[in-house]
**Student:** 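This structure is in structure tokens; I'll ask about it shortly.
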Amino acid sequence: MKKHILLLLAAVLLPLAINAQGLVYAYIVDNDGPVTNIRNAPRGKVVATLPTDRALAVQLLSVKGEWWKINDVVDQYGDDEMEFVLRGSKTGYWIHRSLLQFTIAGDPTGALRAAPSAKAKAIKCPVVDGFHPIDIKGKWVKAVSTDGKYTGWIHRDKICSNPLTTCP
């Protein structure tokens with residue numbers, strides 16, 4: 001029972017800790033096999049693999065076309081404290097945007113904007129399964145809904161990078 005309570009607390013508090021640091025994370029969604037390939041450059045050589053049976057989040061650093069440079073793999077299950085460290089690449093670690101996803105934390109009303117500003121026009125968007133990150137500008141991430149129907153900017157504080165919870 002204690003273990004389940006700790007897991008629930010971790011699922012709720014981890015996204016808050018990530019956003020408090022001012023970082024942007026997304027979780028990995030890959031249904032094409034037992035591992036997700038991490039490359040040394042966009043379309044580059046595979047330099048690491050991550051298991052697809054875990055709830056893994058990665059820090060988004062920068063974007064080049066449809067590829068994201070990533071850092072800090074976080075295992076959001078946390079029950080057996082698996083750690084995934086990316087090492088060895090001199091050019092960084094890259095993953096295709098189609099494998100990255102996040103949802104809107106809390107109330108989605110007004111979260112999607114036409115430009116990277118709280119003053120920009122809100123885009124009406126029903127609750128969707130998630131978003132793929134497209135670009136990043138300061139504290140804002142440009143994203144497209146997983147169904148491809150909605151594109152806009154979301155402030156990093158409204159991003160939920162945990163597939164196990166909807167975040168507060």
**Student:** Could you give me the CA-CA distance, side-chain angles and deciding distance for Val85 and Val73, then say whether side-chain contact (heavy atoms from CB on, under 4.5 Å) is met?
**Tutor:** CA-CA 7 Å; Val85 179; Val73 179; over 6 Å; no
**Student:** Could you point out which residue of Leu56, Leu100, Val74 forms a side-chain contact (heavy atoms from CB on, under 4.5 Å) with Tyr25?
**Tutor:**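 So, applying the side-chain contact (heavy atoms from CB on, under 4.5 Å) to Tyr25 and each of Leu56, Leu100, Val74, only Val74 qualifies.
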**Student:** Would you give the length of the straight line joining atom CG of Leu86 to atom CD1 of Ile70, rounded to the nearest 0.5 angstrom?
**Tutor:**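 Here the interatomic distance stands at 5.5 Å.
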**Student:** Measuring from atom OG1 of Thr49 to atom CG of Asp30, what distance do you get when rounded to the nearest 0.5 angstrom?
**Tutor:**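 If I round to the nearest 0.5 Å, the distance is 11.0 Å.
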**Student:** Distance from Lys69 atom NZ to Ile136 atom CD1, nearest 0.5 Å?
**Tutor:**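 Those atoms lie 13.5 Å apart.
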**Student:** Side chains of Pro51 and Phe84: closer than 4.5 Å at any heavy-atom pair?
**Tutor:**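 The answer is yes; the side chains approach within 4.5 Å.
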**Student:** Are the side chains of Thr36 and Ile95 in touch, meaning some heavy atoms are under 4.5 Å apart?
**Tutor:**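 Yes; the side chains approach each other to less than 4.5 Å.
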**Student:** Under 3.5 Å, is there a donor-acceptor pair between the side chain of Ser145 and the main chain of Phe131?
**Tutor:**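 Here the side-chain-to-backbone pair does not exist.
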**Student:** Does Asp129, at its CG atom, have more than 12 non-hydrogen atoms belonging to other residues, nucleotides or ligands within less than 6.0 Å?
**Tutor:**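 No - once you tally the heavy atoms of other residues, nucleotides and ligands closer than 6.0 Å, there are 12 at most.
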**Student:** Starting from Ile38, can I reach Leu61 by hopping between I/L/V/M/F/W/Y residues whose side chains sit under 4.5 Å apart?
**Tutor:**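 Leu61 and Ile38: separate clusters.
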**Student:** List, by chain and then residue number, the residues other than Tyr27 in its hydrophobic cluster (Ile/Leu/Val/Met/Phe/Trp/Tyr, side-chain heavy atoms under 4.5 Å); write none if there are no others.
**Tutor:**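 Once heavy-atom contacts under 4.5 Å are chained together, Tyr27 belongs with Val29.
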**Student:** Taking all heavy atoms of Ser161 and all of Cys167, pick out the closest pair and write down the distance.
**Tutor:**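 Nearest pair, atom of Ser161 first, then Cys167: N-SG, 4.4 Å.
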**Student:** Measure across Leu112 and Cys125 and return the closest heavy-atom pair with its distance rounded to 0.1 Å.
**Tutor:**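 Scanning both residues, the minimum pair turns out to be CD2-CB, 3.9 Å.
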**Student:** Are Ser89 and Asn40 close enough that a side-chain donor and a side-chain acceptor fall under 3.5 Å?
**Tutor:**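 The answer is no; no qualifying pair exists.
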**Student:** If every non-hydrogen atom of Pro163 is compared with every non-hydrogen atom of Ala55, which pair is closest and at what distance?
**Tutor:**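 Of all heavy-atom pairs spanning Pro163 and Ala55, the closest is CG-CB, 3.9 Å.
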**Student:** Less than 4.5 Å apart, any side-chain heavy atom of Ile159 and any of Val24?
**Tutor:**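 Yes, close enough: below the 4.5 Å cut-off.
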**Student:** Counting C-beta onward and ignoring hydrogens, is there a side-chain heavy-atom pair between Val47 and Tyr93 closer than 4.5 Å?
**Tutor:**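 Heavy-atom side-chain distance check passes, below 4.5 Å.
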**Student:** If I compare all heavy atoms of Lys158 with all of Ala111, which pair ends up nearest, and what's the gap?
**Tutor:**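 Nearest heavy atoms, Lys158 then Ala111: CE-CB, 3.9 Å.
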**Student:** Atom CG in Asn71, atom CG in Leu23: separation rounded to 0.5 Å?
**Tutor:**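 Separation between the atoms: 9.5 Å.
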**Student:** Kindly state each residue pair satisfying ring pair (Phe, Tyr, Trp, His ring centres under 6.0 Å) with at least one member in residues 133-166, sequence neighbours excluded.
**Tutor:**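 Listed by first then second residue: Trp140-His155.
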**Student:** From Ser62 OG over to Trp67 CH2, what is the distance, rounded to the nearest 0.5 angstrom?
**Tutor:**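 The CH2 atom of Trp67 is 13.5 Å from OG of Ser62, to the nearest 0.5 Å.
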**Student:** Can you find a heavy atom in the side chain of Leu60 that is under 4.5 Å from one in the side chain of Pro133?
**Tutor:**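 The answer is yes, as the side chains (C-beta and beyond) meet within the 4.5 Å cut-off.
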**Student:** How close do Ile134 and Ala143 get, heavy atom to heavy atom, and via which atoms?
**Tutor:**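 Heavy atoms of Ile134 and Ala143 come nearest at CD1-C, 3.8 Å.
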**Student:** Do Arg54 and Thr52 pass the side-chain contact (heavy atoms from CB on, under 4.5 Å) test, and can you show the C-alpha distance, the side-chain angles, and the key distance before you say yes or no?
**Tutor:** CA-CA 6 Å; Arg54 307 295 301 177; Thr52 56; over 6 Å; no
**Student:** Using side chain to side chain donor-acceptor pair (under 3.5 Å) as the criterion, point out the one residue from Glu66, Arg39, Arg43 that pairs with His96.
**Tutor:**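 Considering Glu66, Arg39, Arg43, a side chain to side chain donor-acceptor pair (under 3.5 Å) with His96 is found only for Glu66.
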**Student:** Are any non-hydrogen side-chain atoms of Ile28 and Leu50 less than 4.5 angstrom apart?
**Tutor:**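 Yes. Closest side-chain heavy atoms under 4.5 Å.
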**Student:** Does Ala120 offer a backbone N or O that forms a donor-acceptor pair with the side chain of Arg113 under 3.5 Å?
**Tutor:**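 It does hold such a pair.
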**Student:** Taking the side chain as everything from C-beta on, heavy atoms only, tell me whether Gln101 gets closer than 4.5 Å to Thr146.
**Tutor:**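 Yes, close enough: below the 4.5 Å cut-off.
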**Student:** Counting N and O atoms only, with roles assigned by atom type, does the side chain of Trp68 sit under 3.5 Å from a partner on the main chain of Val58, one being a donor and the other an acceptor?
**Tutor:**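 A pair under 3.5 Å: no.
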**Student:** Give me the atom names and distance for the closest heavy-atom approach of Thr151 to Ile123.
**Tutor:**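 Between these two residues, the closest heavy atoms are O-CD1, 3.2 Å.
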**Student:** Could you give the distance from CG (Asp157) to NZ (Lys139), rounded to the nearest 0.5 Å?
**Tutor:**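 Reported value, rounded in 0.5 Å steps: 7.5 Å.
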**Student:** Can you find a pair of side-chain heavy atoms, one from Asp135 and one from Val141, that are under 4.5 Å apart?
**Tutor:**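 Result no, sub-4.5 Å side-chain heavy-atom pair not found.
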